[in-house]
Structures are given as structure tokens and as C-alpha cells.
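Reckoned from all heavy atoms, side chains included, excluding hydrogens, waters and symmetry mates.
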Amino acid sequence: MSAIFARSFDDITAAERELMDAFFKGYDYQGCGYTFLNYYAWRGSYNLAWEVIDGYLCALTLMEEEEGTLALMSMPMTKDGSYDIGRLRDCLNECRRRFREAGIAFAITVPAHMMHLLEEAFPGELQAEVSRDYSDYVYLKEKLVDLSGRALHKKKNHLNYFLCTYEYEARPITPAMRDEVLALADEIKRVKELDPEETESIDSEYEAIAETLALLEQEKLYTVAVYVKGKLEAFAIGERLSDNTAVEHFEKANDAYRGLYQLVLREFCERLPEEVLFVNREEDMGLLNLRQAKEALKPDHMMETCYVTFTA
């Protein structure tokens, strides 16, 4: 990996963190993955690396697939909120050279609303397709709170059942609650490990939750924990993505309580700042059960992600 980008997300210095914050906050990328927390929390599972090249922050993930090594690069990130097409071309050509020398095919994932920048930089040299598996589901916050409308009637019934059946307490997650949250995440993980399709992804998710909880005191996070009968049974964790959008990175609940998933989502959304109008609930990664659950909540729109390769 170091043959491509020089730095990992381990042992980030204070100066590097400050530098990276400028890039992550420099542009409205809209994708759920374009936050420092996302890269840091998942660094162990996806061998993430980064480097500033020609003024842009470049990051990649390196994975071992059945066909060999797969590396995917994110859209280079800007610090000043703008893109110089010439510099962007130079940056990506340098990245392509490094991938080529490492013997890895070059591919990049790009938010669809940023594709025009690549097309300007490489006219007639790209092949792009929308990746359904890695496009984000974006919802109106008020819809997730009210569950109003005919299409969400079943979800509202689940929520009402919980509210009529159980007493609960909801409060923000604190560092002192870290072990409780991890214990619940582990309980849910062990149940889901019975499904071979989900085993690898939930192991990685558990590690990412643990990494995120370690940053509770340093990061500006939106969190909620739900207690039923005095025991933690659900939680949600997210952060600000843009001026009017928050991202919910993690949401876990005990399936034994009907309506608890709807309840913890409502509690999470109700605690978001008033100016946050949308909630990005990330992608489904091609997992059928996750796709059905996300579609059932009727997203306002999809934040489409394109998978891009170069033809020249």
C-alpha cells in the first residue's frame, strides 16, 4: 500500500488531522464516506491510505479479492472548495502511474454530481456506471420522525406498538457507556453471524463502532441510546455531513422489541439540529435484507455513486 500512497490512517498527528479536516470540510461531497470519522473508523478493515498530491487529498482502500488485489480510490478532495481541472488531471495521472507500477488496475468511485469534473479533465477517456450497491439513501428528517403517509403506515404501526407497550429512556451516549454499547453490538453481531452473507461485513462494522466510540470526546457526534427496563437495547451514532444533512453511520436495536428500530431512528432524528433537513443512512452494499429495509423507509432521493475506469 505504501507504494501507492504514503500515509495510513493509523497514528494521525494533530497537524495531519487539522490538514485533513480542511479537505473534508472544503466541499459538499454529499457521500456518506467523505468524513474523517468514516475513514478513521474503518481503517483496519479496508487498509485505508492517503496522501496530498497536487493539492488534493487522495485516499484509497486496498482489499484482497478472489481475483487478486483490488484498490479503489475516492474522488480527490479539495481544500479551497474548488477544482482546477488541469491540476485534477495531473493528480489523477500521478495516481494512475502509481497504481500501474504496483500492478493494480486503477478505478475510482465518484459522487455522481461530481462526474462533470472528471469528464472535463478526461474528455472521452472515461467509462462510468452508477453503482447501485454503493449509492446512499437520503431521507427527509421529518419523514423519519413522523413516519407519515400511506407508504410508511406499517412502520408507524410498529412504532405505535412499541410506544403503547414499553416504557423507555433515551439519552446521548457518553464515554462511560462505551462497554454497554459494545456489549449490545456484540450480542447483535453474534445473532447475525448465523447468516453467512453478513458475517464479514458485521465483523468489520463491530470494529468500526468500537473505533468510533473511542472518539466520543474528540468528535462532534450525534448519538442516542435507548434503555428498556433499565437495559440498553438500541443505539444510533452519526455526524454532520453538510449544512443541511446529517449521516447516520450506525443503528442497532434488539429485534425482540417490535418497533424499537423505528423508535431509535426517531429519537436520533429528533435530536438533530433544526437546520438539518436530510439524513443520509448510507448504502446497502448489495445486501438484500439491508436494501429491503432501506427501501421500505422510502428515501427522498439516492446520492448516486459512480464506478469509473479509464479507457485511455
Side-chain angles (χ1 to χ4, degrees), residues 32 37 41 137 139-148 152-193 198 201-202 205-217 219-241 245-274 276 278-282 289-290 292-294 296-299:
C32 66
L37 176 62
Y137 294 75
Y139 304 80
L140 281 167
K141 179 181 71 175
E142 65 179 33
K143 281 282 191 180
L144 297 179
V145 171
D146 299 335
L147 295 177
S148 58
L152 295 176
H153 183 68
K154 186 175 180 180
K155 299 294 183 184
K156 186 66 171 284
N157 283 344
H158 290 323
L159 175 62
N160 286 338
Y161 177 87
F162 182 91
L163 293 173
C164 292
T165 308
Y166 303 104
E167 292 186 0
Y168 73 94
E169 178 189 2
R171 58 178 187 258
I173 298 173
T174 66
M177 297 158 61
R178 181 176 182 271
D179 289 345
E180 282 183 286
V181 175
L182 285 177
L184 176 58
D186 186 58
E187 287 179 27
I188 295 171
K189 180 172 81 76
R190 283 188 279 110
V191 171
K192 289 191 174 183
E193 280 175 342
E198 295 194 29
S201 64
I202 63 174
E205 185 182 43
Y206 178 84
E207 293 177 13
I209 291 170
E211 293 288 358
T212 299
L213 291 172
L215 296 177
L216 275 174
E217 293 180 293
E219 298 296 308
K220 173 66 173 175
L221 300 181
Y222 303 134
T223 69
V224 65
V226 176
Y227 287 79
V228 184
K229 302 176 184 177
K231 183 177 183 294
L232 178 68
E233 299 290 4
F235 68 87
I237 304 172
E239 63 176 321
R240 194 66 163 263
L241 193 59
T245 304
V247 56
E248 186 193 44
H249 289 304
F250 307 107
E251 179 188 287
K252 297 295 177 186
N254 184 344
D255 278 328
Y257 292 94
R258 176 186 169 191
L260 183 53
Y261 266 108
Q262 288 76 32
L263 185 281
V264 70
L265 177 57
R266 188 188 75 168
E267 293 288 339
F268 175 80
C269 292
E270 285 185 331
R271 285 164 169 73
L272 295 174
E274 184 178 356
V276 170
F278 297 96
V279 179
N280 182 315
R281 300 188 70 234
E282 302 197 338
N289 290 343
L290 194 54
Q292 290 173 339
K294 290 180 184 288
L297 277 172
K298 307 302 178 186

(request) Could you list all the salt bridge (charged side-chain N to carboxylate O under 4.0 Å, His left out) pairs where at least one residue sits in residues 154-165, not counting sequence neighbours? (result)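 As it turns out, there is no salt bridge (charged side-chain N to carboxylate O under 4.0 Å, His left out) pair with a partner in residues 154-165 once direct neighbours are skipped.
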(request) Return each pair, listed once, that meets salt bridge (charged side-chain N to carboxylate O under 4.0 Å, His left out) where at least one residue sits in residues 249-258; pairs must be two or more places apart or across chains. (result)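 Listed by first then second residue: Glu205-Lys252, Glu251-Arg281.
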Closest non-hydrogen atom pair, [X] against [Y]:
| X | Y | value |
| --- | --- | --- |
| Phe268 | Ile237 | CE1-C, 4.0 Å |
| Ala253 | Leu260 | CB-CG, 3.8 Å |
| Val145 | Cys269 | CG2-CB, 3.6 Å |

(message) The test is side-chain contact (heavy atoms from CB on, under 4.5 Å); show your working for Tyr137 and Asn280 and say whether it passes.
(response) CA-CA 6 Å; Tyr137 294 75; Asn280 182 315; over 6 Å; no
(request) In plain terms, say whether Lys231 and Glu187 are close enough for a salt bridge, that is, a side-chain N and a carboxylate O under 4.0 Å apart. (result)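 Salt bridge: yes.
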(request) Please lay out, stage by stage, how Tyr227 and Glu180 fare under the test side-chain hydrogen bond (donor to acceptor under 3.5 Å, both in side chains). (result) CA-CA 11 Å; Tyr227 287 79; Glu180 282 183 286; 2.9 Å; yes
(message) Angle between ring planes, Tyr166 versus Phe162, binned at 30° and 60°: parallel, tilted or perpendicular?
(response)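 Tyr166 vs Phe162 ring planes: tilted.
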[X]: side chain to side chain donor-acceptor pair (under 3.5 Å) partners, not counting sequence neighbours:
| X | value |
| --- | --- |
| Glu239 | Thr35, His249 |
| Glu219 | Arg17 |
| Arg240 | Tyr222, Glu275 |
| Asn157 | His153 |

(request) Can you establish whether the number of heavy atoms outside Glu167 located under 6.0 Å from its atom CD is more than 12? (result)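 Open: at most 12 neighbouring heavy atoms sit under 6.0 Å from CD of Glu167.
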(message) Can you confirm whether the side chains of Tyr168 and Glu267 place a donor and an acceptor under 3.5 Å from each other?
(response)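 Per modelled atom types, Tyr168 and Glu267 side chains form a pair under 3.5 Å.
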(request) Mind running side-chain contact (heavy atoms from CB on, under 4.5 Å) on Leu263 and Leu159 for me, showing each step along the way? (result) CA-CA 6 Å; Leu263 185 281; Leu159 175 62; 3.9 Å; yes
